[in-house]
Engineer: 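Once you've had a glance at the structure underneath, I'll fire off some questions.
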Amino acid sequence: MRSAAFPGKNANAADPEGAGLRYQEAHPMRWSQAFIPTLREVPAEAEVPSHQLLLRAGYVRQVAAGLYAHLFLARRSFLKIAQIIREEMNRIGGQEFYLPALNPAELWQESGRWETVDVMFRLKDRNQHDLCLGMTHEEEMTNIARGELRSYRQLPQIWYQIQEKFRDEPRPKSGLLRLRQFVMKDSYSFDLDDAGLDVSYRKHVEAYRRIFDRCGLKTLFVEAFSGMMGGSESSEYTAPTDAGEDLIATSECGYAANLEKAEAQAPPAEDPAGEALPEPFPTPGQKSISDLVKFTKESPARMIKTLDYIVESRPVVLLLRGDHELSETKLIMALGTAVFRLATPEEALRLHGAHLGSLGPVGLKGARIVADRALEGRRDLIAGANRDDTHLRHVTPGRDFAAEFRDLRVVAEGDLCPRCGKPLKLTKSVELGHLFKLGRRYSDSMHAMVLDAEGNEVPLRMGSYGIGLERILSAAAEQNHDADGMFLPPSIAPFDVVVTAANMENADVRAAAEKTYEELLAASVEVLFDDRQERPGVKFKDADLIGVPYRITLGKRKLAQGLAEIFERSTKQIQDVKLDAVTATLKARCLQ
RNA sequence: CGGGGCGUGGCGCAGCCUGGUAGCGCGCUUGCCUUGGGCGCAAGAGGUCCGCGGUUCGAAUCCGCGCGCCCCGACCA
C-alpha cells in the first residue's frame, strides 16, 4: 500500500502493514535549522497533558480559541495519520474526494438542517447569498449522489475525504481536543438496501479498528447516540484518557456504551410493605432532595424528583428517582423531539400550584407525565405535595398517579449492566471516530433515488463515518507521555529517530554523528540530526520531549570503543551498538 | 448562555490593595568557560503593561465600557 502511494526507496520494504507515510526521498533535517520551538515552561493556558506537550514540544501554536497552527512536527505527524487512514479507507473500497469547505445554504435548507443546527459558521457573500462553512458533508455528498447515481448496478459506493471542518463551538477547549477548525476524515456510503448498508457499516467498523490500531491507540468500541445526525444506529471508537469529555460505561461482559446512550438497571431499592395511602406531612424550607434526605432520614432512592419541562410549548412533567439524574439526550429519544427546555419557576407554579421544592405528580392535571423506568414497580415513596412546604409519603406510582415509563436517567457508576447484570464502570474517554447508519434520513429529504433490479425507484441507504485527526494526535499524546515528554507511537511520530551528538566540538563525535546521519538518510530512515551547539543535557531534554521513538547518542567515551547508543524513548532502555551496525539495527526496529 | 479566573518582553511570574523612573527567573545576542541530563561568569538587546474612555499634576496601579484567553456548568455529528 505504501509502495503504491509513495513509490521510491521504500517501495520494496516488506511492509504491507506499514507505518504510513514515508518520504520518497531522503529529507535532510538538521535540528540547528529546523523550526522546533520547544518551551521549557508550560504555557499558562494549557491544562490537559496533550495540550501542554504539543505546545512545549513545538508542534502547534494557538491562533485563537479553538484554532491552532500546525507547525513542522505536527504537520509531519498529521501527514502520517492521514496516510494510514487513506490506506485503510482504500482497502475497503473507499474513493477519495475533496469537496469545498464553503457551501451554499440551499442544500442545508433542503435537508432541514439549516434551521436545526446551531454550531455552523454562516456567512453571506457580496450578493447577500447565504453560505456556510462545512461542519460535515452529508448534504453535499448526497447532492452529488442524487445527481449521478441512477442504478443499483453502481452501488455500493464509499466516498471519503480528509478535509477541514468548521464548528462554531460554544466552548472550544483542551487544546486540540475541541476545536473550531479541525481536520476530519469523513466518509459516506451509498447502498441499495439496509442489508447493503449493514455491510458498508461493518466495513467501516473494521477499517476504523485497523486505523486506530495502526496509530498505536488504545480504544473502546461503544454504542453511541446519533443526535442531530439522525439515523438508526451509531457507534464510536473512543480513547480512554482523563482528558476526555465523554463518559463510557463498560462491563466485564464486553458491553460498552457512551453515557449518552448507556442503559442500565439501578441497583434495586427496598420499599416498605403495606398499602398506606398518600399522606401529606410538613417539610418547611426543605426544597432539594438532599434537604429531604437530612430531614426525613430516608434514602434518596425512596424519593421522587419532579422536573417540569416545556416540550414544544406544552408542559411535560418528568419524574426520576431522587438519586438519579436526567439525561437530556435520552429525553430527546423519549420525546422524539429536541425542542424542549426546563420550565421557569413561574410556569411550574402555575401548573402545580406550588413553588419549586414541593412539586409532585399526585393529583396533577394538565400535563403529560413521563417517569423513569427506575420508578416502575416502586411503592410507598416520598414526593412533593403540590403545596408549599409540604410533601407526601406513601406515594405509589401507578396507583396514585399515571405515568409513561421511559428510560430517562444518566447511568451511574455501579449500576447493573443491561447484558450481564454486573456493575458498570465509568471511564473518561475521547471520541475519535463516529459511525452512523443514516438510512434514508438524507435520501428522503433530498430525494436521492436509484432504480433497483425491478425498475422501482428506491431511496439510497446512507451511512456516514467521521474521524478527527487532531484527536488522534492528542489522544496519542495523552496515552503516551511521562514527566519528560511524549513517546508517540512510531507510526505517527514525526521522525523515526533523533541522532544526538553529545558534543559537536569534539571532532570524532561530530564526524561519527554526521556519518550515522548520512547512513540513516541513505537508508530512508526519517532522521532528525541534533547538530546544535548545545550542552548534552539540553539535547536530551528536547529529544525526550518531542515524541520521537528512538535516539542515537554519540558520545566520546563509547565512541572510543566504536559504540553508539540506541535509546528507546518509551521504555528508556539503552542498547550499545557497534557504530557500523546502527543503521541496520535501527532499520530493523523502525521500519519493521 | 450562566458562574469563576486571568491579560505586564518569546515563556513563567512579581508589581496593582496604598498612583510617582516597569522588575525577577527562563529564553535570546556577544565574549570567555564548560561538554553525558536544561553548566558557570560577564556584558547586552528586547515591553503600545489587552484596547478605548474617564479621574488625577501624574495611571500598569483607581473608575467605566469593550475585547481576548482559560476553567466549571449548559450545549455539542
Side-chain angles (χ1 to χ4, degrees), chain A residues 37-48 51-52 55-56 58 61-67 111 113 116-120 134-139 165-175 177-180 182 184 186-188 224-231 234-236 243 245-246 258 260 325-329 332 338 340-342 431-438 441-442 463-468 471 483-485 500-506 509-510 530 532-545 551 553-559 564-565 567 572 574:
Chain A
T38 57
L39 299 172
R40 187 179 295 209
E41 298 186 79
V42 181
E45 73 267 16
E47 185 100 344
V48 301
H51 190 197
Q52 297 181 345
L55 286 170
R56 283 193 57 212
R61 286 294 182 262
Q62 186 175 42
V63 175
L67 300 173
S111 73
R113 292 163 100 196
T116 57
V117 171
D118 70 341
V119 294
M120 192 156 56
M135 47 185 278
T136 177
H137 282 76
E138 280 76 16
E139 280 78 356
K165 295 288 185 282
F166 299 84
R167 279 189 184 183
D168 193 358
E169 285 286 346
R171 182 144 98 87
K173 61 178 218 181
S174 303
L177 283 174
R178 188 163 211 72
L179 294 162
R180 292 195 293 176
F182 56 100
M184 179 187 258
D186 48 322
S187 50
Y188 306 86
F225 169 67
S226 21
M228 66 207 324
M229 295 291 298
S234 118
S235 49
E236 60 194 31
E245 316 178 79
D246 291 352
N258 191 309
E260 291 179 333
E325 203 183 324
L326 175 71
S327 161
E328 293 208 338
T329 307
I332 293 173
F340 56 71
R341 61 174 172 84
L342 199 58
E431 176 185 352
L432 298 175
H434 207 146
L435 305 97
F436 299 91
K437 277 188 188 173
L438 299 174
R441 163 67 182 84
Y442 295 88
S464 92
Y465 318 86
I467 292 179
R471 285 184 171 185
D484 294 320
T500 299
N503 179 2
M504 287 296 282
E505 298 286 301
N506 181 305
V509 168
R510 177 177 200 135
D530 193 349
R532 292 176 297 170
Q533 301 282 354
E534 290 284 357
R535 293 178 59 83
V538 172
K539 297 185 172 194
F540 295 154
K541 289 288 183 192
D542 272 346
D544 287 348
L545 224 204
R551 185 184 81 216
T553 315
L554 285 309
K556 77 175 173 201
R557 200 170 315 140
K558 285 184 182 169
L559 189 60
E565 247 173 40
F567 171 83
K572 301 201 167 169
I574 292 173

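Atom set for the values below is all heavy atoms of this structure, side chains included, hydrogens, waters and symmetry mates excluded. The sequence lines fix the lettering, A, B, ..., with proteins before strands; numbering per chain opens at 1.
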Engineer: Please identify each residue that fulfils side-chain contact (heavy atoms from CB on, under 4.5 Å) with A/L326, with sequence neighbours left out.
Structural biologist: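 Result, side-chain contact (heavy atoms from CB on, under 4.5 Å) vs A/L326: A/L307, A/Y309, A/L318, A/L320, A/E328, A/L331, A/L408.
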Engineer: What does A/N506 touch in the nucleic acid at a heavy-atom separation under 4.0 angstrom: a base, only the sugar-phosphate, or nothing?
Structural biologist: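 A/N506: no heavy atom of the nucleic acid under 4.0 Å.
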Engineer: For A/S174, answer base if it contacts any base atom (sugar-phosphate contacts may also be present), sugar-phosphate if it contacts only those atoms, and nothing otherwise; contact means non-hydrogen atoms under 4.0 Å.
Structural biologist: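 If one applies the 4.0 Å heavy-atom cut-off, A/S174 turns out to touch the sugar-phosphate alone, with no base involved.
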Engineer: What residues, two or more places apart in sequence or in another chain, satisfy ring-ring contact (aromatic ring centres under 6.0 Å, His included) together with A/H137?
Structural biologist: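 If we apply the ring-ring contact (aromatic ring centres under 6.0 Å, His included) test to A/H137, skipping adjacent residues, there are no hits.
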Engineer: Across the strands shown, which category fits A/A46 at heavy-atom distances under 4.0 angstrom: base, sugar-phosphate, nothing?
Structural biologist: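 Nothing, no nucleic acid heavy atom in range.
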Engineer: Among all residues two or more places apart in sequence or in another chain, which pass the ring-ring contact (aromatic ring centres under 6.0 Å, His included) test with A/Y465?
Structural biologist: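 Expected list: A/H204.
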Engineer: So if I define the base as every atom that isn't primed, P, OP1 or OP2, how would nucleotides 31-36 of chain B read as a B/S/- string at a heavy-atom cutoff under 4.0 Å?
Structural biologist: ---BBB
Engineer: I'd like a list of close polar pairs between nucleotides 42-48 of chain B and the protein, N/O only, cut-off under 3.5 Å.
Structural biologist:
none

Engineer: Roughly, in whole Å, what's the span from CD in A/Q52 to P in B/C70?
Structural biologist: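 To the nearest whole Å, that distance equals 14 Å.
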Engineer: Base, sugar-phosphate alone, or nothing: which one does A/R341 contact when heavy atoms must sit under 4.0 Å apart?
Structural biologist: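 Contact class for A/R341: none.
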Engineer: Tell me the interatomic distance from A/K173, atom NZ, to B/G3, atom P, rounded to whole angstroms.
Structural biologist: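 Whole-Å distance recorded here is 19 Å.
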Engineer: Counting primed atoms plus P, OP1 and OP2 as sugar-phosphate and everything else as base, spell out the protein contacts along nucleotides 5-15 of chain B at 4.0 Å heavy-atom distance: B, S or - for each nucleotide, 5' to 3'.
Structural biologist: ------BSS--
